[in-house]
Asker: 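Structure below; questions to follow.
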Amino acid sequence: VHSAALDDQGHMWFATWGRGVSLWNGDVFEAITERDGLADNHIVSVLADREGDLWFGSHGQGVSRYDGSGFITYTTTDGLGSDYIEDLLEDRHGHMWFAMSGPFADGGGLTRYDGEHFTTFTQVDGLVHDNVTALAEDADGHLWIGTTHGVSLFDGESFQTVDLEGLTSAYINHILVDSQGRQWFATRKQGVHRFGDGEAWHLHQSDGLASETVRSIFEDRAGHFWFATDGGLNRYDGLVVQTLLRRDGLAGNKISDIVE
C-alpha cells in the first residue's frame with residue numbers, strides 16, 4: 001500500500017502497487033482495477049476531494065477521477081505535465097494540483113487543474129526541480145512543493161526556492177503543515193525536519209527515529225505526531241519518541257502512510 005484516504009462516507013481507499021485500489025466499506029474489501037476503468041493497477045496516491053470524488057494517481061498512465069459511478073482519466077494528452085503522478089492536493093479554491101515525476105531523470109513538474117484547464121509549471125517557471133514528490137498548502141494559501149532536490153514555495157504568482165537548513169538538496173517524501181502552522185518534511189535518508197516559530201528542528205535515528213527514510217507524517221487529534229518510516233512507526237508527543245514494530249502488532253516494519 002502506497003497511500004490511503006478516508007472519504008466522506010467513512011470508507012477507506014488504499015492505493016496499491018500492481019493491484020489497483022482496495023476499498024474498505026467497514027465490512028469487506030473490494031478490489032478496483034483497470035477492468036473497472038481505473039487508469040492503471042499501479043497507484044501511488046489517492047485523494048478524496050470536497051465534492052466527494054476520488055482521485056487516483058498512477059505511475060505511467062495519468063490520474064483517474066471516480067465520481068461514484070464511473071472513471072475519467074486525464075493524461076498528458078489532456079494537459080498533464082507527466083503521466084507519473086506522485087502526490088495530489090486540492091487547494092482552498094477547489095483546484096487540483098498534481099506532483100509529477102517521470103520515467104527517467106527528468107520529471108513532469110507541477111500541474112494545476114481548475115476544472116476546465118490544465119496549467120503546468122516547471123523549472124523554467126522557477127521550480128527548484130521538475131521531479132515533484134510532495135505537496136501541502138498553508139494557512140495563507142501558499143503551496144509548499146517538495147522535490148527530489150529541495151523545496152519550493154508558491155505564493156500564487158511566483159516560485160521561491162526555500163533555503164532551509166538541511167533541505168537545500170533533500171529528497172522530500174511528504175510535507176505536513178500542522179495545526180500550529182509549522183512545516184514538517186519527511187525525507188529520504190535525512191530524517192524529519194520541522195520549521196516554524198523562527199527555528200529549525202530535526203529528528204534522526206540518534207533521537208529515536210526508526211529509520212532515516214520517512215514516508216509520511218501525520219498529526220492526530222491530540223496533537224501528537226506519527227512518522228511512517230522504512231524501519232517502523234514512530235509516535236512523538238513533543239517530548240518522547242516511541243517506536244512500534246512488527247513485534248508490537250504491526251503487519252510489517254515498512255510503513256507508507258497513516259490515516260485517522
Side-chain angles (χ1 to χ4, degrees), residues 3 5 44-51 53 55 57 62-63 65 74-102 105-187 193-201 216-217 219:
S3 65
V44 296
S45 52
V46 54
L47 179 144
D49 70 21
R50 65 186 65 181
E51 300 296 328
D53 290 355
W55 298 76
V63 61
R65 180 180 187 175
Y74 304 103
T75 67
T76 51
T77 303
D78 302 292
L80 284 177
S82 169
D83 288 329
Y84 291 77
I85 312 299
E86 299 294 338
D87 198 11
L88 305 163
L89 180 140
E90 182 183 19
D91 68 20
R92 59 174 60 189
H93 304 294
H95 299 161
M96 290 295 302
W97 294 82
F98 308 102
M100 297 166 297
S101 62
D106 296 332
L110 178 67
T111 295
R112 179 182 63 204
Y113 177 57
D114 64 6
E116 295 183 0
H117 305 101
F118 291 88
T119 305
T120 296
F121 306 94
T122 66
Q123 285 179 271
V124 174
D125 304 292
L127 265 181
V128 66
H129 199 274
D130 285 342
N131 269 318
V132 183
T133 52
L135 301 170
E137 185 181 29
D138 65 24
D140 295 320
H142 296 163
L143 200 64
W144 293 81
I145 304 146
T147 78
T148 55
H149 293 75
V151 178
S152 288
L153 181 64
F154 182 62
D155 63 5
E157 296 183 359
S158 62
F159 292 90
Q160 174 188 348
T161 297
V162 179
D163 186 17
L164 295 173
E165 179 187 349
L167 291 181
T168 304
S169 60
Y171 189 121
I172 309 299
N173 283 326
H174 183 253
I175 304 173
L176 169 75
V177 178
D178 70 18
S179 58
Q180 298 180 51
R182 299 171 299 186
Q183 299 85 40
W184 297 70
F185 301 90
T187 74
H193 296 252
R194 185 188 73 196
F195 297 92
D197 301 326
E199 62 179 13
W201 179 86
S216 65
I217 304 171
E219 181 182 12

Asker: Using side-chain heavy atoms (C-beta onward) and a distance below 4.5 Å, is Thr147 in contact with Ile172?
Answerer: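 With C-beta onward as the side chain, the pair stays apart.
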Asker: Would you check if the side chain of Arg112 reaches a backbone N or O of His117 as a donor-acceptor pair within less than 3.5 Å?
Answerer: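 It does not hold such a pair.
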Asker: Could you walk me through whether Ser101 and Glu86 satisfy the side chain to side chain donor-acceptor pair (under 3.5 Å) test, starting with their C-alpha distance in whole Å, then the side-chain angles of each, then the deciding distance to 0.1 Å, before giving a yes or no?
Answerer: CA-CA 7 Å; Ser101 62; Glu86 299 294 338; 2.5 Å; yes
Asker: Hey, could you give me the OG1/NE2 distance between Thr119 and His95, rounded to the nearest 0.5 Å?
Answerer: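 Taking OG1 in Thr119 and NE2 in His95, the distance rounds to 9.5 Å.
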Asker: Is the shortest heavy-atom distance from the side chain of Leu153 to the side chain of Phe159 under 4.5 Å?
Answerer: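 The answer is no; the side chains never approach within 4.5 Å.
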Asker: Does the side chain of Asn173 reach to within under 4.5 Å of the side chain of Thr133, using non-hydrogen atoms?
Answerer: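 Result no, sub-4.5 Å side-chain heavy-atom pair not found.
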Asker: Identify the two heavy atoms, one from Ala5 and one from Ala48, that lie closest to each other, and give their separation to 0.1 Å.
Answerer: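 So the two residues come closest at CB-N, 4.4 Å.
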Asker: May I ask you to decide if Gly181's main-chain N or O and Gln183's side chain share a donor-acceptor pair within less than 3.5 Å?
Answerer: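 Present.
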Asker: Keeping the roles fixed (side chain from Ser3, backbone from Val46), state whether a donor-acceptor pair exists under 3.5 Å.
Answerer: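 Here the side-chain-to-backbone pair exists.
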Asker: Let me know which of Thr75, Leu47, Leu80 forms a side-chain contact (heavy atoms from CB on, under 4.5 Å) with Val63.
Answerer: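 Output: one option passes, namely Leu80.
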Asker: May I ask you to check whether Phe98 and Tyr74 place their ring centers less than 6.0 Å from one another?
Answerer: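 Not close enough - the centres of the two rings lie 6.0 Å or further apart.
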Asker: With heavy-atom distances below 4.5 Å as the criterion, would you say the side chains of Trp184 and Phe195 are in contact?
Answerer: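 Answer no - side chains too far apart.
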Asker: For Met96 versus Glu90, what's the shortest heavy-atom pair and its separation?
Answerer: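 Answer, listing the atom of Met96 first, then Glu90: SD-CB, 3.8 Å.
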Asker: Does any N or O in the side chain of Asp91 come within less than 3.5 Å of the main-chain N or O of His93, such that one atom is a donor and the other an acceptor?
Answerer: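 Answer holds: yes.
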Asker: Minimum heavy-atom separation for Leu89 and Leu143, please, with both atom names.
Answerer: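 For Leu89 and Leu143, the tightest heavy-atom pair comes out as CD2-CD1, 3.8 Å.
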Asker: How close do Thr148 and Tyr171 get, counting heavy atoms only, and between which atoms?
Answerer: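 Here Thr148 and Tyr171 meet closest at CG2-CE1, 3.2 Å.
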Asker: So which heavy atom on Trp144 is nearest to which on Asp138, and how close?
Answerer: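 That would be NE1-OD2, 3.0 Å.
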Asker: How far apart are the closest heavy atoms of Val128 and Gln123, and which atoms are they?
Answerer: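 That closest heavy-atom pairing would be O-NE2, 3.5 Å.
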Asker: For Leu135 and Ile145, run side-chain contact (heavy atoms from CB on, under 4.5 Å): C-alpha distance rounded to whole Å, both residues' side-chain angles, the deciding distance at 0.1 Å, then the answer.
Answerer: CA-CA 5 Å; Leu135 301 170; Ile145 304 146; 4.1 Å; yes
Asker: Closer than 3.5 angstrom, by distance alone: can the side chain of His129 be matched with the main-chain N or O of Asn131 as a donor-acceptor pair?
Answerer: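 Present.
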Asker: Should the pair Tyr113 and Phe118 be assigned to parallel (<30°), tilted (30 to 60°) or perpendicular (>60°) ring geometry?
Answerer: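 Tyr113 and Phe118: parallel rings.
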Asker: Please determine whether side chain to side chain donor-acceptor pair (under 3.5 Å) holds for the pair Glu219 and Ser179, giving the CA-CA distance in whole Å, both sets of side-chain angles, and the decisive distance to 0.1 Å.
Answerer: CA-CA 8 Å; Glu219 181 182 12; Ser179 58; 2.6 Å; yes
Asker: Looking only at atom types and distance, does a side-chain atom of Arg182 sit under 3.5 Å from a main-chain N or O of Leu176, one as donor and one as acceptor?
Answerer: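 Side chain of Arg182 to backbone of Leu176: no pair is present.
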Asker: Check for a donor-acceptor pair, side chain of Asp197 on one end and backbone N or O of Glu199 on the other, with a separation under 3.5 Å.
Answerer: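 No, Asp197 side chain to Glu199 backbone: no donor-acceptor pair under 3.5 Å.
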Asker: Go through Val132 and Met100 one step at a time and tell me if the side-chain contact (heavy atoms from CB on, under 4.5 Å) criterion holds.
Answerer: CA-CA 5 Å; Val132 183; Met100 297 166 297; 5.8 Å; no
Asker: From Ile175 CD1 over to Ser216 OG, what is the distance, rounded to the nearest 0.5 angstrom?
Answerer: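 Interatomic distance, Ile175 CD1 to Ser216 OG, rounded to 0.5 Å: 12.5 Å.
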Asker: Can you check whether Gly81's main-chain N or O pairs, donor with acceptor, with Thr111's side chain at less than 3.5 Å?
Answerer: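 Side chain of Thr111 to backbone of Gly81: a pair is present.
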